[in-house]
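Accompanying notes for the structure given below.
Sequential numbering from 1 along the given sequence is applied to the chain's residues.
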Amino acid sequence: MKRYIDLRSDTVTMPTEAMKSAMLEAAVGDDVYEDDPTVIELEKLAAEMVGKEAALFVPSGTMANQIALMAFCKRGDEVILGKKSHIVAYEVGGAAVLAGASYALVDNADEIITPQDIVDNIRPKEVHQPDTGLVCLENALGSGRVVPLEAMKAAYDEAKRQGLPVYLDGARLFNAATALGCEARDIAQYADALMFCVSKGLAAPVGSLLCGDAVFIHQARRYRKMLGGGMRQVGILAAAGIVALKEMTKRLHIDHENTKTLAGLLDAIDGITVDKTKLDINLIFFNIHKSGFDHGSFASKMLAEGIKINKGNKGAYRFATHNDVNAQDITFVVEAIKNLLQ
């Protein structure tokens with residue numbers, strides 16, 4: 001099978017040989033009965049790594065986020081969160097359908113929610129208005145930036161002053177921790193519950209972990225079942241998640257270094273400008289502004305060269321590095337783009 005260099009997302013990562021071996025040898029049970037030993041091991045490890053009491057293995061980050069909204073909010077509640085957050089932009093309006101919740105959108109240029117944003121968006125307690133039920137944060141942000149710990153703490157402390165729970169969409173939590181030079185639990189301490197994916201930069205084939213206290217996870221387990229996420233001999237998948245947490249979290253700095261290398265080489269090409277403010281993790285955002293360049297055929301021409309990318313939006317593109325993109329691939333990609341721009 002032809003090998004492609006795939007820069008569309010870090011969700012395209014292939015499971016490692018260690019993961020495949022672990023999956024083949026995994027001891028399994030029935031997770032709905034809570035007796036799959038490999039799932040139990042993964043959930044215990046996940047909870048320990050983020051400093052929470054318990055964890056729940058779910059099929060996707062989207063399901064984890066929607067379960068959290070269902071668990072924290074009563075129907076009609078309003079949630080304070082970023083306008084560009086994953087929950088708002090990429091989860092098919094699930095909050096309205098599943099939790100019956102609406103949004104109080106924060107639209108800051110840097111996408112970081114501040115204490116003042118929380119204060120400004122809390123509804124007064126009166127009959128005409130919805131109750132504010134939850135504050136949702138993200139780290140890392142989908143923009144490729146990370147949120148400093150001080151900003152996380154400030155938002156969390158204000159939410160607590162206002163009597164609100166805080167949920168963290170930490171899909172790339174370990175990328176954020178790597179960029180900040182801290183442990184994942186250092187970020188997670190500023191949320192009552194959180195989610196992270198093992199199926200992105202950590203290279204597991206499927207799954208996310210929803211983490212919080214035992215009461216929250218008990219309720220989350222019920223909602224997982226309601227949404228059809230109650231899996232059976234899922235230890236086969238959890239085994240890959242264990243490898244992801246034990247091994248792949250330790251190599252994310254390589255992806256970040258490759259991102260900066262690729263960004264520098266792209267920015268040096270005439271007709272390309274990289275957004276250098278969004279290079280904290282493994283994502284690169286750039287614009288091609290060369291006169292006469294055919295953006296409509298760029299993705300297909302790259303595919304013909306053996307490189308998979310997403311179609312751009314008005315000349316704006318995003319590349320993602322990950323475990324399956326090496327230094328030689330970066331050189332090959334840059335040369336291919338140079339040739340197409342000529």
Please determine whether a side-chain nitrogen of the Lys or Arg among [X] and [Y] lies less than 4.0 Å from a carboxylate oxygen of the Asp or Glu.
{"X": "D275", "Y": "K278", "answer": "yes"}
{"X": "K153", "Y": "E150", "answer": "no"}
{"X": "D107", "Y": "K84", "answer": "no"}
{"X": "K44", "Y": "E41", "answer": "no"}
{"X": "E34", "Y": "R221", "answer": "yes"}

**Report entry** Non-neighbouring partners of N108 that pass side chain to side chain donor-acceptor pair (under 3.5 Å), sequence neighbours left out
**Finding:** D117

**Report entry** Test side chain to side chain donor-acceptor pair (under 3.5 Å) applied to R145 - qualifying residues, sequence neighbours left out
**Finding:** T277

Requested in this report: Show your reasoning for whether ring-ring contact (aromatic ring centres under 6.0 Å, His included) applies to F72 and F216.
Outcome: CA-CA 8 Å; F72 278 119; F216 170 81; 5.0 Å; yes

Report task. Would you kindly say whether H289 and T273 are connected by a side-chain donor-acceptor distance under 3.5 Å? Result -> yes

Query raised in the report: Just by distance, with hydrogens left out, do D294 and S297 show a side-chain donor and acceptor under 3.5 Å apart?
Result: yes

Does any N or O in the side chain of [X] come within less than 3.5 Å of the main-chain N or O of [Y], such that one atom is a donor and the other an acceptor?
{"X": "T321", "Y": "D255", "answer": "yes"}
{"X": "Q162", "Y": "I118", "answer": "no"}
{"X": "E78", "Y": "T132", "answer": "no"}
{"X": "E138", "Y": "S85", "answer": "no"}
{"X": "D31", "Y": "R232", "answer": "no"}
{"X": "Q189", "Y": "G51", "answer": "no"}
{"X": "N326", "Y": "Q328", "answer": "yes"}
{"X": "K250", "Y": "K246", "answer": "yes"}
{"X": "S208", "Y": "V58", "answer": "no"}

Using a 3.5 Å cut-off and no angle test, enumerate the donor-acceptor pairs between side-chain atoms of residues 16-26 and protein atoms at least two apart in sequence or in another chain.
residue: T16; atom: OG1; partner: M19; partner atom: N; Å: 3.2
residue: E17; atom: OE2; partner: K20; partner atom: NZ; Å: 3.4
residue: S21; atom: OG; partner: E17; partner atom: O; Å: 3.2

Show me the donor-acceptor pairs, under 3.5 Å and distance only, between side chains in residues 261-270 and residues at least two apart or in other chains.
residue: T261; atom: OG1; partner: E257; partner atom: O; Å: 3.1
residue: D267; atom: OD1; partner: V274; partner atom: N; Å: 2.9
residue: D267; atom: OD2; partner: K276; partner atom: NZ; Å: 2.7

Looking at every non-hydrogen atom in both residues, tell me the closest pair between [X] and [Y] and how far apart they are.
{"X": "R75", "Y": "V97", "result": "NH2-O, 4.3 Å"}
{"X": "L209", "Y": "A55", "result": "CD1-CB, 4.4 Å"}
{"X": "G201", "Y": "L252", "result": "O-CD2, 3.8 Å"}

Query raised in the report: Should the ring pair Y90 and H86 be called parallel, tilted or perpendicular, given that the plane angle runs from 0 to 90° and is split at 30 and 60?
Result: tilted

**Report entry** F285-Y317 aromatic ring centre distance below 6.0 Å
**Finding:** no

Query raised in the report: So which pairs with a foot in residues 55-68 pass side chain to side chain donor-acceptor pair (under 3.5 Å), sequence neighbours left out?
Result: N65-E91, N65-Y167, N65-D169, Q66-E91

Query - Over 12 non-hydrogen atoms of neighbours within 6.0 angstrom of CD in E183 - result: no

Which pairs would a plain distance check flag for residues 3-14, meaning a side-chain donor or acceptor within less than 3.5 Å of a matching protein atom at least two apart in sequence or in another chain?
residue: R3; atom: NH1; partner: D329; partner atom: OD1; Å: 3.1
residue: R3; atom: NH2; partner: D324; partner atom: O; Å: 3.0
residue: R3; atom: NH2; partner: D329; partner atom: OD2; Å: 2.7
residue: D6; atom: OD1; partner: R8; partner atom: N; Å: 3.2
residue: D6; atom: OD1; partner: R8; partner atom: NE; Å: 2.9
residue: D6; atom: OD2; partner: R8; partner atom: NE; Å: 3.3
residue: D6; atom: OD2; partner: R8; partner atom: NH2; Å: 2.6
residue: S9; atom: OG; partner: T11; partner atom: N; Å: 3.1
residue: S9; atom: OG; partner: T11; partner atom: OG1; Å: 3.2
residue: D10; atom: OD1; partner: R172; partner atom: NH2; Å: 2.9
residue: D10; atom: OD2; partner: R172; partner atom: NE; Å: 2.8
residue: D10; atom: OD2; partner: N282; partner atom: ND2; Å: 2.9
residue: T13; atom: OG1; partner: D10; partner atom: O; Å: 3.3
residue: T13; atom: OG1; partner: K200; partner atom: O; Å: 3.1

